Amino acid sequence: MILQALAFYVFAAITVASAAMVVTSRNPVYSVLFLILAFFNAAALFLLIGAEFIAMILVIVYVGAVAVLFLFVVMMLDINLTELREGFLEYFPVGALIGAVLFAELLLGVGIIGSGSTTVAALNAHGPHVAAIDNTRAIGRVLYTQYFYLFQVAGLVLLVAMIGAIVLTLRSRPGVRRQRAGEQINRTKEQAISVVKVPTRGGV
Amino acid sequence: MFADIHTFFTTNWLGIAILILLQCLAVTVPLLLAVAYMTYADRKIWASIQLRRGPNVVGPFGLLQPMADGLKLVLKETIIPSSANGILFVIAPMIAFMTALVAWAVVPFDNGWVIADINVGILYLFAISSLGVYGIIIAGWASNSKYAFLGALRSAAQMVSYEVSIGFVLVTVLLCVGSLNLSKVVLAQSGWFWNWFWLPLLPMFVIFFISALAETNRTPFDLPMSEAELVAGFHTEYSAMTFGLFFLGEYANMILLSALGAVLFLGGWHSPIPYAPFTLVPGVIWFALKIAFLLFIFSWTKGTLPRYRYDQLMRLGWKVFLPVSLAWVVLTAAVLQFGGWLPKP
Amino acid sequence: MIVGLENWALARPELFLAAATALLLIYGVVRGEIATAFVSVATAVALLVTAALLFLPYREGTAFASLFIADRLTATMKALVLVGSAVAILMSRAYFEQAKAWRFEYPLVVALATLGMMLMISANDLMALYVGLELQSLALYVIAAFQRDSVRSTEAGVKYFVLGSVASGMLLFGSSLIYGFCGGTAFVQISGALADGRSAEIGVIIGLVFVVAGLAFKVSAVPFHMWTPDVYEGAPTPVTALFAVAPKIAAMSLLVSVLMGPFKPLFAQWQQIIVVASVFSMALGAFAALRQQNIKRLMAYSSIGNVGYVLLGVASGTEKGIQAVVFYLAIYMVMTLGVFATILMMKRRNIMVEEVSDLAGLARSQPMMAFGMLIFMFSLAGIPPLAGFWGKLYIFMAAVEAKLFVPAGLGVLASVVASYYYLRIVKVMYFDEPAEAIDRPSFGVNRVVALVAAFLIAIFSLVPQPLSLIAEAAAKGLFQ
């Protein structure tokens, strides 16, 4: 168990440190890289509490797809770093205040939940027993039954996101030559080749 | 005495650590050897396709050529361009190489021969293989060179695109298996070779293989390093062992995806005919043979096909593979549900 | 019975709308831009059919593992939202055709937004609330930026998106606190946990504040109104018309069902918040609009003020109050659609104009249009015997009955101030030196909408019973 505690503190410390670096580092590319590190360590923390499915999905979705695109965009942006830093001190007190308030509220929540009041029991009563079945199965069981409705609506949200992305960015420019695989394949020898009898010294 | 050793390695934390280390070595060392000889095999196969001899000077039949190449890379000077971002420039090849190695932790070589027999093996592999792109994109950015950056951008877009269809391929397989554990995937394919998933899921196998080509940046999808346009793409600025790590990582990744293909579609360690004398051959040999077969197709493709254009690549990924694999997921699920073939939980 | 699908037939209107949208989307994608006119009309028809399905036959209860609820209040609110969206779609053609942004995705995204509104009206769980809200918001961000070649439109979209995301974040943060303290996300679980005497816990109240703040953003109540004027002004006018109507009604209904449902035991706590938000909204709506020159911006402040009145009804927390809310929202919808239909007809030499000064002398060039606008403005100002007067009267009566004397008094004062800028428009139209004449509006949907709206508002005093009966029935649904 000492090993587990040690692992927890290492991962947690790296998560917090890299989260801090996300907001303080001077270069946005570094920020994204630290964000990735933070995701990674958060996934490791999930593994430690036995939520292997969420850990893997976190890596696949956030690290493997979202952050790549993020990095992709940030690398291509031409950001003036000094300009970006200018407002920092000005807004820092406000940000710190909000952060402190949120943190205090979180502590409040943890304090109540951790004190062994009825809420913990109430929460555990709903979920399946973690030990009894592996958690991919556990998530699958509620996701497609009890939370079927939410799952479907989430699908609709994604549909809107897709339509929105297309409608706001896709432009059909005139005069663009597109590849039409069907036409290419259907082309026959007769259409493609014409046999010309070239007269000597005449050229084509 | 023997019992003492057994308890030391199973209960003492030092023993466990040593055991894990040994297991890792037992996977890594043969893997690196396989990478070395994969380069040799590659060159021999292309040579045969092009009616040449290929490497034949160093050692008998040129068999020591990979060693000589490796030695050359190790002994050369590592040059870090003065305008490059030093730390990231060095980290990038390490990421590329490490991700190719750590993925092997969950690959089952034979029944029970696996370092970490975890419940979400498929997801682990998928997660790790999606990390490989970071090595490339960081390399491209840190090099501070146009060619490298363009190569990195191409690579990032390409790998993200083809991961989508690989994801759906994995979903069809795990629908048929009912588990995300790779050993269970193999066990679900026992019996004759037509019981392996390559036949019932043939379109998915084809899509998987082509996507694997794109994931590993191999011809005909080697746009990130297409020498005619981008010098050498994302590793233009790399030299010596930093380049060597990319090279090793690329081949290790190829072998990994071949292994994944063997596990998912070619029955892993199973022999093609479930009777002696075939079953007497150790499973790990069958597994290696299947990997070698897929790797041969990798080389064969590289020797014969021209490179895709970038828009063709994207069209294939998003407009052909994505709809087809999505439709196949639905079809598979429907057939399993209504045919009563759903795997028992 | 499959778990999770119980009573799915209760959601038939939603299922119909989702299916119709999906089919029309496929049709539009296959046919391309030429399908726009058909898709647009078909979507509007689908919305109206959905509204009919709500009552034919009418059913109530909970569905989908109690994540979804249908009762009289939700049915009424959904009907309002559906009609508002359908009319807004029909009104948009001329504008978008002129802006060269007439594309088949527009009505479909509006339909999906409407679906989101229906789902949030029917939410019976914090998670269902959130997904419905996000579906609606995401679709609205898209259509705010729909005129993508216009800088103002894209700016409106981005502003709305950024601020809306912050609001969603607050809502989620509040929800997670509530979940932590109540041990569940279902409304029944929350009210159960709050009823058993642990209601004074500070964490729940903080959570409630965050949830209310998130919802207040969606209804653009002060102090979460900052986005409203910019978005209203920047977004394409038909989109502004939609924004002023459907999402407001939906979010208000959600606010009512959240506050009167799971948080009923915390009435004393949330009443203060709502009263403050209400008073400040009424005041800001009245004073900030005084100096506006742009009609869309003016209507933004007007809508903030109107939200203030509605919130006063919510704050009373009585059946009478909720009844007044439904009543007011219905009248507000008709007035707003009428005003925007008129704004959409304001063209000079075939170019859209939207300044108050452009209306100068309208009474002489287009007397019909000016008269319609006069009716809407009088009604918005609350001048009897037009419909707007009755709406405000009901709200103030409910507030007084709930002993909210000071807020009600302030509300009356605010509506006196507000009537100044409504009447200023009338003055500009009737008494100012004529500007260059506005084009004669062509016969179209907008003209019909404006005429019908003006007619309904004008005759409302003669036949007020149907609406008050509907409002009464709807409010009963909540208090059964």
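These numbers were taken from a predicted model, which means no experiment stands behind them. Protein chains get the first letters and strands the later ones, always in sequence-line order, with residue 1 at the start of each.
By the 6.0 Å contact criterion, CZ on Phe161(C) is open, its count of non-hydrogen atoms from other residues, nucleotides or ligands being 12 or less. By the neighbour-count criterion of 12 heavy atoms within 6.0 Å, atom OH of Tyr62(A) is sparsely surrounded, having that number or fewer from other residues, nucleotides or ligands. By the 6.0 Å contact criterion, CZ on Arg187(A) is open, its count of non-hydrogen atoms from other residues, nucleotides or ligands being 12 or less. Around the OH atom of Tyr27(C), the shell of radius 6.0 Å holds more than 12 heavy atoms that belong to other residues, nucleotides or ligands.
For chain C, the nearby parts of Leu168(A) are the backbone and the side chain; heavy atoms of each come within less than 4.5 Å. For Leu115(C), the part sitting under 4.5 Å from any heavy atom of chain A is the side chain, from C-beta outward, and nothing else. Neither the backbone nor the side chain of Tyr106(C) comes within contact range of chain A, judged by heavy atoms closer than 4.5 Å. Only the side chain of Val109(C) comes within less than 4.5 Å of a heavy atom in chain A; its backbone stays farther off. Heavy atoms closer than 4.5 Å to chain A are found in the side chain of Leu25(C), but not in its backbone. Proximity to chain A (any heavy atom under 4.5 Å) is restricted, for Phe68(C), to the side chain, taken from C-beta onward.
Highest contact tally toward chain C, considering only Ile163(A), Thr145(A), Ile166(A), Thr169(A), is held by Thr145(A) [criterion: heavy-atom pairs under 4.5 Å]. Heavy-atom pairs under 4.5 Å with chain A were tallied for Glu105(C), Glu134(C), Glu14(C); the largest tally goes to Glu105(C).
By a heavy-atom distance cut of under 4.5 Å, Tyr147(A), Phe148(A), Tyr149(A), Leu150(A), Val153(A), Leu156(A), Val157(A), Leu159(A), Val160(A), Ala161(A) are the residues of residues 147-161 of chain A near chain C, going up by number.
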